[in-house]
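Below: the structure, in structure tokens.
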Amino acid sequence: AIEEFVGSSPRRFLFQITAAILGKNGAPLMGEIRQAEQGGLDPKRLATGLLEFLHDLLVIRLCGDAPYLDRPTDEVERMKKLVADVSATSLDRIFVMLQHGMTDLMRSATPQILLDVLLLRLCHYEELQSIESILKQMDSSRSIPQAQPELSRALTPNPSPVNGRG
């Protein structure tokens, strides 16, 4: 019934919504959510489908070929392309955020509104930097270029006088 009304399968929504989330594209994301809603797709069912889809994407990202997934080969290939440039860490964070949000979604009197906000949060979450990356940035910001000795002297603190005598 949904496929006849919308002209495509609910799986299309999973691909398009996930692509919008991974691409951090809020407008297409909301368009897909509205089409799914207009097609009669229950927000709780859509969220559950997305969680399962993200699970499979994570399996594909970590394991490569995934013959144990119950998906057609052409779909698995599309899924591989979808996550080719996405880290397993990012997929895992998105999965966990969706999983936590679903607890509230399943109990909500307004699941569509909650789903909209939850998916927009997923779309715009900022990836955390590794500690190593942060330390490298700190080290590079502390290094003083050798080509500017006067700047180096200006930024180097003067030794403090001992016992108030200089």
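Values below: every heavy atom of this structure, side chains too, minus hydrogens, waters and symmetry copies. The first residue in the sequence is number 1, and the count goes up from there. Please read all numbers here as calculations on a predicted model, not as lab measurements.
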Which heavy atom of [X] sits nearest to which heavy atom of [Y], and what is that distance?
{"X": "Ala47", "Y": "Leu105", "result": "CB-CD2, 3.2 Å"}
{"X": "Thr110", "Y": "Ser108", "result": "N-OG, 2.9 Å"}
{"X": "Gly26", "Y": "Cys123", "result": "N-SG, 3.6 Å"}
{"X": "Gln112", "Y": "Pro43", "result": "OE1-CG, 3.5 Å"}
{"X": "Val76", "Y": "Ile60", "result": "CG1-CD1, 4.0 Å"}

Ring geometry between Phe53 and Phe15 (parallel below 30°, tilted from 30 to 60°, perpendicular above 60°): perpendicular

Quick one: does [X]'s side chain get under 4.5 Å of [Y]'s, heavy atoms only?
{"X": "Asp116", "Y": "Arg34", "answer": "yes"}
{"X": "Leu119", "Y": "Leu50", "answer": "yes"}
{"X": "Val83", "Y": "Thr18", "answer": "no"}
{"X": "Leu46", "Y": "Leu14", "answer": "yes"}

Do [X] and [Y] belong to the same hydrophobic cluster, where Ile, Leu, Val, Met, Phe, Trp and Tyr are linked whenever their side-chain heavy atoms lie under 4.5 Å apart, directly or via other members?
{"X": "Ile21", "Y": "Ile113", "result": "no"}
{"X": "Leu41", "Y": "Val117", "result": "no"}
{"X": "Leu57", "Y": "Leu62", "result": "yes"}

Roughly how far, to the nearest 0.5 Å, is [atom2] of [Y] from [atom1] of [X]?
{"X": "Ile17", "Y": "Met30", "atom1": "CD1", "atom2": "CE", "result": "10.0 Å"}
{"X": "His100", "Y": "Leu98", "atom1": "NE2", "atom2": "CG", "result": "10.5 Å"}
{"X": "Leu115", "Y": "Met102", "atom1": "CG", "atom2": "CE", "result": "9.5 Å"}
{"X": "Leu29", "Y": "Lys24", "atom1": "CG", "atom2": "NZ", "result": "12.0 Å"}
{"X": "Leu118", "Y": "Arg121", "atom1": "CG", "atom2": "CZ", "result": "7.0 Å"}
{"X": "Asp85", "Y": "Arg61", "atom1": "CG", "atom2": "CZ", "result": "8.0 Å"}

Backbone of Arg45 reached by a side-chain donor or acceptor of Asp42 within 3.5 Å: yes

Applying salt bridge (charged side-chain N to carboxylate O under 4.0 Å, His left out), run through Glu75 and Arg78 and close with a yes or a no. CA-CA 5 Å; Glu75 189 170 305; Arg78 286 181 59 208; 5.8 Å; no

